[in-house]
There are 2 protein chains.
Amino acid sequence: MKFEAVTIKDIAKALGISTSTVSRALRDSHEISPETKQLVLDCAEKLNYRPNPIALSLKERRSRSIGVVVCEIANNFFSQVINGIESIAYDRGYNVIISQTRESYDREVIDLQYLASRSVDGLLISLSTETNDLNHIKSLHNKGLPIVFFDRITEEINTHKVIVDNFRGAYDATEHLLRNGHRKIGVLTNSEFLSITHERVAGYKEALIRNGIKVDENYIQHCFYGGMIFEEIEDAVNKLFTQKNKPDAIFATGDKLTTGCLKTLKRRGVKVPDDISVVGFSNTDIAELIDPPLTVVRQPAFEMGKAATELLLQLIESKRPIKDFEKRIMTPELQIRESSIRKMETVE
Amino acid sequence: MKFEAVTIKDIAKALGISTSTVSRALRDSHEISPETKQLVLDCAEKLNYRPNPIALSLKERRSRSIGVVVCEIANNFFSQVINGIESIAYDRGYNVIISQTRESYDREVIDLQYLASRSVDGLLISLSTETNDLNHIKSLHNKGLPIVFFDRITEEINTHKVIVDNFRGAYDATEHLLRNGHRKIGVLTNSEFLSITHERVAGYKEALIRNGIKVDENYIQHCFYGGMIFEEIEDAVNKLFTQKNKPDAIFATGDKLTTGCLKTLKRRGVKVPDDISVVGFSNTDIAELIDPPLTVVRQPAFEMGKAATELLLQLIESKRPIKDFEKRIMTPELQIRESSIRKMETVE
DNA sequence: TTTATTTACGCAATCGTTCCCGAAAACGAT
DNA sequence: ATCGTTTTCGGGAACGATTGCGTAAATAAA
């Protein structure tokens, strides 16, 4: 049950020198003779010495680890973001600690508390649905903990941010539907607390307005938990279908929202795209396999993870406090497939 | 940039008592007067004191964290397992540190090294494809670090293991295909290094044999990286299709393998299930949305994560060394959909 | 009152590492 | 030979927390 690791003391004892000398030799200090240095290095090699990161963390008050807070990893977008995060962090010698909030504010508070006490050197945060009050993050930010937001950001905290051009993604998706002859476009979207919701709904509205179509608020259905609870989506779709003027297309603004919508339609026996067209934000790898192949707004998730991590490390490793923050906006890609293309030859 | 946390010393100073007293008061020791205890508790509350886990880890040589090693999290099965792991660990006060090997042996070695030096109290491992030599794990195991394997296990190390009944999953899938009139069943499977490969291929073979069909080794195609590299799957499917006797069904033994196979078929214009049937191990949430709805062997991933974690914590928290290990075998579920059902009315 | 026993707390070591400071030895300059 | 520098190394404190041991004061027993 014990787990005895080789320490600096063991080397010191083996060589009959002090721990200070060993430490300096390993750290490649100038105030050490080449011979002693070599001796220590050899001995460390022989004993398979590994510095104890915990002791280092305690001493240096940094852990060479960064915390990632997302709502859930079982989501294509976030798991791809995490891959991007790791690809950078790993190379730069940082460890990544992931925590999931499952869209709960309480868990976000606890997770953040934990990560902070664990001395992470910085934080990569995508807010959870329930989060409205940001004091738990502000207090960490005010204490000087480097934070970068991605995807679900907030304007209340001034720091680096990485997002996709949500407005444009939504605009393009909506316009694509309009071009294909749809006029009554329903929206399935997330909680109103989230930045992505506002940006995406705004893009949708703008596309309508520019095409001379009046926005009907009844067509905009919010799912508070973004589809984590399936019934939420069923309800939202029901509400869309009980409008006096049933929509002829649905735009879903999230991964779970999109697939949940498709499931609901399928179970109801609604044909896509014959009865209704569907476009959704999604990073699924199998959009082409879906029946019908799904038109998606795809985010450069991996790149977003990379960018956010680079910005964070820059914050962490900067000597002097950074006051000039950047909002990096990446470009989403509309991948057009059959789910949004009205078949003209289909006649009732 | 500094991040000053409240320590036990701050409380001691504020109250004019020693750190020992504070520590004991917080730990609810009996040798502390009720008044002092209350004083300390109040002060701790007021200053918002949080014990420093790093200092605790150093002192107690345990971190109340467990390490998880998987090939990748952007995989339905593994992200669901991780959810199961977290659901237990979280309640029991353990933190989960996830690392991805991306199927690389070298990364597995490094990740494990890192987790060990980080003083994780235990390890949950699913081996990576490339891993053939187990010395890096054995050495940790021999030093007494609690380890539980799941999914991709090894017989070389004696400890708890959690798997699904892979033999049965494959047997059921194959027999299902046989019952539907298929006789020439190709297999897309993982590296021969992996336990899951052997178990699943064995189940497949047994089903054939029991039905009086001779096993044709040419029908069994291994993808070394389990489909992480798409071309691998294309090649394998090609090989299957250039047999003198083209298969009339494909059984894929992994998530990526299954979706990759479907993509390849779709791009080749091969119709499922008209031209060929497909069954695969997969934990995707949208099997029903695929064209055609996909017959899958689904693993109770969440439950597997829970079970593995419970076994690990039992190992970690046991007073005396455990010598009696358990292999927990859970039941996979064959979910039958259209991809494996030959349409009888289809005539050439 | 004296002695024995609790009670309640402080001191200091410990975990593994770094680093400031002091000092011995070696070297060069005078 | 003497002094000043430089090189090279050791001692010990510090990071935050726990804990064995020692001990003064309070209480109980004689």
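As the structure is a computational prediction, the values presented were derived from the model and not from experiment. Protein chains get the first letters and strands the later ones, always in sequence-line order, with residue 1 at the start of each.
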Would a distance-only check, ignoring hydrogens and angles, find a side-chain to backbone donor-acceptor pair under 3.5 Å from Ser29(B) to Ile32(B)?
-> no

To the nearest angstrom, the CG-C1' distance between Leu15(B) and dA8(C) comes to 15 Å

Between CG of Asn52(A) and P of dC15(D) the distance, given in whole Å, is 18 Å

In short, salt bridge (Lys or Arg N to Asp or Glu O under 4.0 Å) pairs touching residues 84-95 of chain B with sequence neighbours left out are Arg92(B)-Glu317(B)

Rounded to whole Å, the CG-C1' distance (Leu58(B) to dT19(D)) equals 15 Å

Between CZ of Arg62(A) and P of dT17(C) the distance, given in whole Å, is 17 Å

Side-chain donor-acceptor contacts of residues 8-16 of chain A below 3.5 Å, not counting sequence neighbours, with atom names and distances?
{"from": "Asp10(A)", "atom 1": "OD2", "to": "Thr7(A)", "atom 2": "N", "distance (Å)": "2.8"}

Q: Give Arg50(B) one of three labels, base, sugar-phosphate or nothing, depending on what nucleic acid heavy atoms sit under 4.0 Å from its own.
A: sugar-phosphate

I want to check one thing: is the phosphate of dT8(D), taken as OP1 and OP2, less than 4.0 Å away from some side-chain N or O of Thr36(A)?
no

note: Leu56(B), atom CG; dT18(D), atom P; distance rounded to Å ~ 5 Å

Applied to residues 303-313 of chain A, the salt bridge (Lys or Arg N to Asp or Glu O under 4.0 Å) test, sequence neighbours excluded, yields none

With the side chain defined as heavy atoms from C-beta on, Ile8(B) is closest, among dA17(D), dG16(D), dA8(C), to dA17(D)

Original post:
Base, sugar-phosphate alone, or nothing: which one does Ile54(A) contact when heavy atoms must sit under 4.0 Å apart?
Top reply: nothing

On DNA chain C, more 5' by nearest nucleotide between Lys37(B) and Ala55(A) is Lys37(B)

Scan nucleotides 19-22 of chain C against the protein and return all N/O pairs shorter than 3.5 Å with their distances rounded to 0.1 Å.
{"from": "dC19(C)", "atom 1": "N4", "to": "Ser20(A)", "atom 2": "OG", "distance (Å)": "3.4"}
{"from": "dC20(C)", "atom 1": "N4", "to": "Arg24(A)", "atom 2": "NH1", "distance (Å)": "3.2"}

So the salt bridge (Lys or Arg N to Asp or Glu O under 4.0 Å) pairs with at least one residue in residues 39-48 of chain A (sequence neighbours excluded) are none

Residue pairs passing the salt bridge (Lys or Arg N to Asp or Glu O under 4.0 Å) test with at least one member in residues 94-104 of chain A, sequence neighbours excluded, are Glu72(A)-Arg102(A), Glu103(A)-Arg152(A)

Considering only heavy side-chain atoms of Ser18(A), the closest of dC9(C), dT18(D), dG11(D) is dG11(D)

When rounded to whole Å, the NZ to P distance for the pair Lys9(B) and dC15(D) reads 4 Å

- side-chain N/O Ser57(B) vs dC15(C) OP1/OP2, d < 4.0 Å: no

In whole angstroms, the gap separating P of dT18(D) from CG of Leu26(B) amounts to 7 Å

Problem - Under 3.5 Å: donor-acceptor pair, side chain of Asp121(B), backbone of Ile66(B) - result: no

Rounded to whole Å, the CD1-P distance (Ile11(A) to dG16(C)) equals 13 Å

